[in-house]
Structures are given as structure tokens and as C-alpha cells.
Amino acid sequence: MLDIKKIRVNPERVLKDLLKKDKDISLKSILNIDAKLKSLTTKLNELQAKQNSKSKEIGKLKSKRDSSDEVFKNLKVLSEKIKELEKEQKKLSFLLKNALLEIPNLPHSSCPKGKNEKDNIVVLEKNKKENYNFTIKDHVEIGKNLDILDFEISAKMSGTGFPLFKGKGALLERALINFMTDYHLNNFGYTEFFTPFLVKPDTALTTGQLPKFSEDMYHIEKDDLYLIPTAEVSLTNIHKDDLFSLSDLPKYYLGYSACFRREAGSYGKDTRGLLRVHQFNKVELVKFVEPKKSYKELDSLVKQATNILDLLDLNYRVVELCSGDLGFAAAKCFDLEVWSPGEEKWLEVSSCSNFEDFQSRRGNIRFKNSDGKIDFVHTLNGSGLATPRIFAALLETHQNNDGSVSIPQCLQSYMGISEIK
RNA sequence: GGAGAGGUGGCUGAGUGGCUGAAAGCGGCACCCUGCUAAGGUGUUAUACUCGUAAGGGUAUCGAGGGUUCGAAUCCCUCUCUCUCCGCCA
């Protein structure tokens, strides 16, 4: 959520930045509501001050048993007027808040300018361009041949987009989760969490999924709960409404979760195999930090996530998102993409973002800085990483002529084998 | 699902109609004292909005919403969350 004061003071500048992200945005109605609310509040406060002082007088008179009916009558009128204005004020604040919740975060000035993913910048590429001296297969075929993936069985019970891992496939999936969790835990000072997968609407509001993107989440109507699309939601909300002291920061949190996404509107896109699924596994990294350190923290977050790809011996690249391709809540974002030899495509496996104070304002997550002043923390998160596309890239990248798949060193101790055949 | 108890400041916890934005303790901050890894003393310390260069002032806020009243943390209603017991399931 943006600071209304920032919008009020310099609407042109805010709008200019917003347009870099969303060209259809307008601040007119917000400014209008804000102006109305402000003048109404001033008026209301004056009346309330009057009411308070008069009521105090009555209190004193009453204690002397010296009440006057006339004073009462006048105050009754005032009291009714105040109630009327209070109702109006509530209405306007509600409108203002709702409008603000729909405004995306401003892109950081360092973001490349651009409209869509074509304008993103590749900042790092590690691609060995290996030469396979045999005809390579894609992960769907490999998975079927090795009997470790079955999309037909899962489709039977849940529909498309719900993968079923079998035998060594299930083992590999579990190994990936454990390896990634342990790696971040042992090397970067994260605290591990295992969070709920179902959350209340307010929780999804903090991180920005609601109110605007309710269509992307699965909703349990009966209990008004949402299935989390990422552990970012639950991890970030651990500190909803909290006030940190400076010594509490930074907080580095990590959590595995199953992630659920309806993928509404993307039917027919990347639907093959594991490329785009409704349920997947992910190890998520979340940081709560002082504002002045957040961009440094973003760099280290990206490095931590890419380390995993190095260890898995995958070809990957790091992409700096342009302003137009940034997500709703992000101020700055780097995507990690692995190369899929089978699809001959880059697959996004991680998104590392700095949300600055966008989420912390929504979730009221604050800290007391060294002057004793209260400010909003900056939140960051990154996938570290999401498994299904990693799974696919692993099968395709490390496939052998005989149809087997070699297991990278880092996973071998988790699986007890060095290849799936 | 049934019964009960409760949601108050960074935390613990008093407070049943006006003198309560809120006792006390803890924690934090400042200063003082004290030579022995530390203790003690004094003061200070909610948040948001708003007016003001500032000092300071005004308003709101005691889970949320509504009601009674000139006036509500305090009374009434609805909702919500937490805890305990019973039942049910694991």
C-alpha cells in the first residue's frame, strides 16, 4: 500500500512512476476522496472538541447536583450532528483504503524501463550449452519411461495440473525440498517454519494477493479461507501487526509449503507436464529488514537462490525485470530461470523481490529505529526454489543416452542413489 | 458440535459510566550513584490523524461493528479470535 501522504504531496510524480508499471492507472478518485475526508475530519474534530469540553462541564455540574436541561438539549443536537459526520467519515475512509489497496507498488528507480518481459535484462547467464550426442527427450517422456511421473492418474483424481510423483520421482521431489531447506538453513542463518496452507482473507491482503487477485487463488467458501499460492503469504504474516526493535532485525525466515494456484487465464500456456501446475512444492525465503539495507539484502537473496542452481548443475540465467513486468507488490525483482533442453525454453523457477514498505504497510509490520521513531520494515522474498520446473530441468539436463538420469552430487546423500534408471 | 472464560500500551496486567490515554510491574531511553563480570536511585517512555517553523495543541483509538447516553475501556446487541472442559475425529 502506498502512503497517502506521498500521493497527496506529489501526485504527478507518483502517477508518473505508477504508469511505468500499469498504463491504465489513475489517482483522480483517490485524491478526490482524500480531500473530502480531510475537510470532513477537520470539521468533525472541531465539533468533537466542543462536545468533550461541554460534557466535562456537565460532569462537574452533576457532581454538585446542579444539572441544567438547556445545556442537555443543545448537546443532544450536537451529538446527533457528530454521529452523522462520523458515519460519513467511516464511509470515506473505507473507500480510500479500498482504493489504495488496489494501487500497485512503485517500481524502484533502478528498474529497467519497459512494457513486458521482452524488455527484461539478462544480468547473468550460466549456460554450458552441452552437446548431447543422442536424441534428447523432454521430461514428460523421461518421467514416463522411468515410471516416476504419472499425469494420467493424477488427472483422474484432480484434473490437469496436479502432478503425481512415483517411486524414485517422489524420492527426488522430497530430496529437492530437503536439500534446499537444509542448504539455506545451514549457510545463511534462516529460521525454519512450517506454516498453515490455508489462510484468512486478511492474511492474503498483507502480501498483495487480495483484494485484486482473488481469482488466482483457491478459495474455500464455507470457511472463507484461501489456499496459499506461496509460503510468502504465511511467512510474511508471522509478524503482522508487530513492532520490532532495531536489534530484532534482520529476520530471515524460511518455509517449505505446497503452493496452490488456479492459473486462471493461462489455460493452454506451458501446460505440458510440470511446466505449469496448480499444485507444487516450494521452499520460500522471506526477510524483514531495515529500509536502508533492503537492496543489499535483495542481492544476497538472489545469490542464495542461485547457489542452489549451481549445486544442481543446471544451466540458468538471472533476469532483471523491467518496470512493466514487475508484479503488483514488488518495487524491484530478479527472476531466476533454468534452461530446459527438452522444451528449448527458459523456465522461471524463482522470483526474488524487494517489496520495500508495500507489504509492511498493509500488514502493519513496523520497527523502532535508532531515533526511537517508528517506521515500516522492508520485506523481501524469493523462491529458494520452486520444485516442478527444477524437477523437469534436472531430468532433461542430466539425462543419459541409455535413458537414465544422473543425480547431482548434492542430492545423492538425500536419495541414496546416483542415478535413476 | 455443546458449555464456559477471556481479548486493555513493546510485554505482563489493574481498571464497571465523567477526575482514565488508562494503575502497577517488566522492558526501552536519559541522567545520577557506585571501583570489583553487576546492582541501586531519579526521571522519561502508546499509536494514528491533524494544526503549528517549533514549543505545544486538537481528535480518535482499550479485538471489530452497531446501540444506549450530554458523556462508554466500563452498560446492551452482533460478529470475530484465543483459551479451558465435554463430545467427535486423528
Side-chain angles (χ1 to χ4, degrees), chain A residues 1-9 30-101 194-206 210-211 220-226 234 237-251 288 290 357 360-377:
Chain A
M1 194 162 59
L2 299 185
D3 186 357
I4 181 64
K5 277 187 254 175
K6 195 170 172 178
I7 298 176
R8 193 187 294 151
V9 169
I30 283 188
L31 287 166
N32 188 17
I33 297 168
D34 179 54
K36 271 192 199 156
L37 178 62
K38 212 178 153 185
S39 73
L40 183 133
T41 303
T42 309
K43 199 169 175 189
L44 177 62
N45 286 356
E46 277 168 23
L47 297 186
Q48 283 167 325
K50 196 167 159 190
Q51 185 184 46
N52 285 344
S53 72
K54 293 275 185 195
S55 285
K56 255 176 205 165
E57 276 176 39
I58 289 179
K60 278 174 198 158
L61 289 176
K62 272 240 159 158
S63 64
K64 292 180 205 156
R65 290 231 210 100
D66 191 15
S67 57
S68 143
D69 288 346
E70 206 163 315
V71 181
F72 273 80
K73 256 182 211 162
N74 287 337
L75 274 189
K76 181 75 181 166
V77 174
L78 181 62
S79 158
E80 247 133 52
K81 179 77 185 163
I82 285 174
K83 263 177 202 159
E84 200 180 296
L85 292 185
E86 275 173 344
K87 259 179 201 154
E88 185 67 16
Q89 186 191 41
K90 230 159 228 163
K91 213 160 88 190
L92 286 173
S93 332
F94 180 76
L95 286 175
L96 182 64
K97 171 133 201 225
N98 282 356
L100 278 174
L101 286 172
F194 208 118
T195 70
F197 293 172
L198 285 166
V199 297
K200 296 191 267 189
D202 245 18
T203 309
L205 190 107
T206 300
L210 289 180
I220 316 277
E221 211 167 308
K222 198 166 183 183
D223 300 291
D224 196 17
L225 291 168
Y226 289 87
S234 37
N237 277 280
I238 287 170
H239 288 300
K240 183 166 159 58
D241 293 319
D242 275 357
L243 178 61
F244 292 113
S245 61
L246 202 52
S247 57
D248 295 327
L249 300 175
K251 293 253 185 239
F288 302 84
E290 281 177 73
D357 63 0
S360 58
R361 279 180 185 281
R362 290 171 160 247
N364 194 33
I365 306 171
R366 301 166 301 162
F367 77 108
K368 213 172 242 184
N369 68 24
S370 46
D371 315 325
K373 287 243 168 82
I374 286 172
D375 198 2
F376 292 98
V377 302

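In the text below, chain A, chain B and the rest are named by the order of the sequence lines, each starting its count at 1.
- Remark: A:Asp223 engages no residue in a side-chain hydrogen bond (donor to acceptor under 3.5 Å, both in side chains) (not counting sequence neighbours).
- Annotation: side-chain hydrogen bond (donor to acceptor under 3.5 Å, both in side chains) contacts of A:Gln48 (sequence neighbours excluded): A:Glu86.
- For RNA chain B, the neighbouring residues in residues 81-90 of chain A, judged by any heavy atom under 4.0 Å, are A:Lys83, A:Lys87, A:Lys90.
- Within the structure, every pair that satisfies the side chain to side chain donor-acceptor pair (under 3.5 Å) test and touches residues 34-45 of chain A, not counting sequence neighbours, is listed here: A:Arg8-A:Asp34, A:Thr41-A:Gln89.
- For A:Ser79, there are no side-chain hydrogen bond (donor to acceptor under 3.5 Å, both in side chains) partners at least two apart in sequence or on another chain.
- The side-chain hydrogen bond (donor to acceptor under 3.5 Å, both in side chains) search around A:Ser360 returns none, not counting sequence neighbours.
- Legend: residues meeting ring pair (Phe, Tyr, Trp, His ring centres under 6.0 Å) with A:Phe367, ordered by chain and number and at least two apart, are absent.
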If you restrict it to nitrogen or oxygen atoms, what contacts under 3.5 Å exist between nucleotides 48-55 of chain B and the protein, and what is each distance?
from  : atom 1 : to      : atom 2 : distance (Å)
B:C49 : OP1    : A:Lys5  : NZ     : 3.2
B:U50 : OP1    : A:Arg8  : NH1    : 2.7
B:C51 : OP1    : A:Lys38 : NZ     : 3.3

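- Remark: A:Leu101 pairs with A:Met1, A:Lys97, A:Asn98, A:Leu205, A:Pro211, A:Arg362 by the side-chain contact (heavy atoms from CB on, under 4.5 Å) rule, at least two apart or across chains.
- For the pair A:Glu80 CD and B:U69 C1', the computed distance is 11 Å after rounding to whole Å.
- The side chain of A:Gln51 places an N or O atom within less than 4.0 Å of a non-bridging phosphate oxygen (OP1 or OP2) of B:G71.
- Using a 4.0 Å heavy-atom cutoff across all strands shown, A:Asn52 reaches sugar-phosphate atoms only and no base atom.
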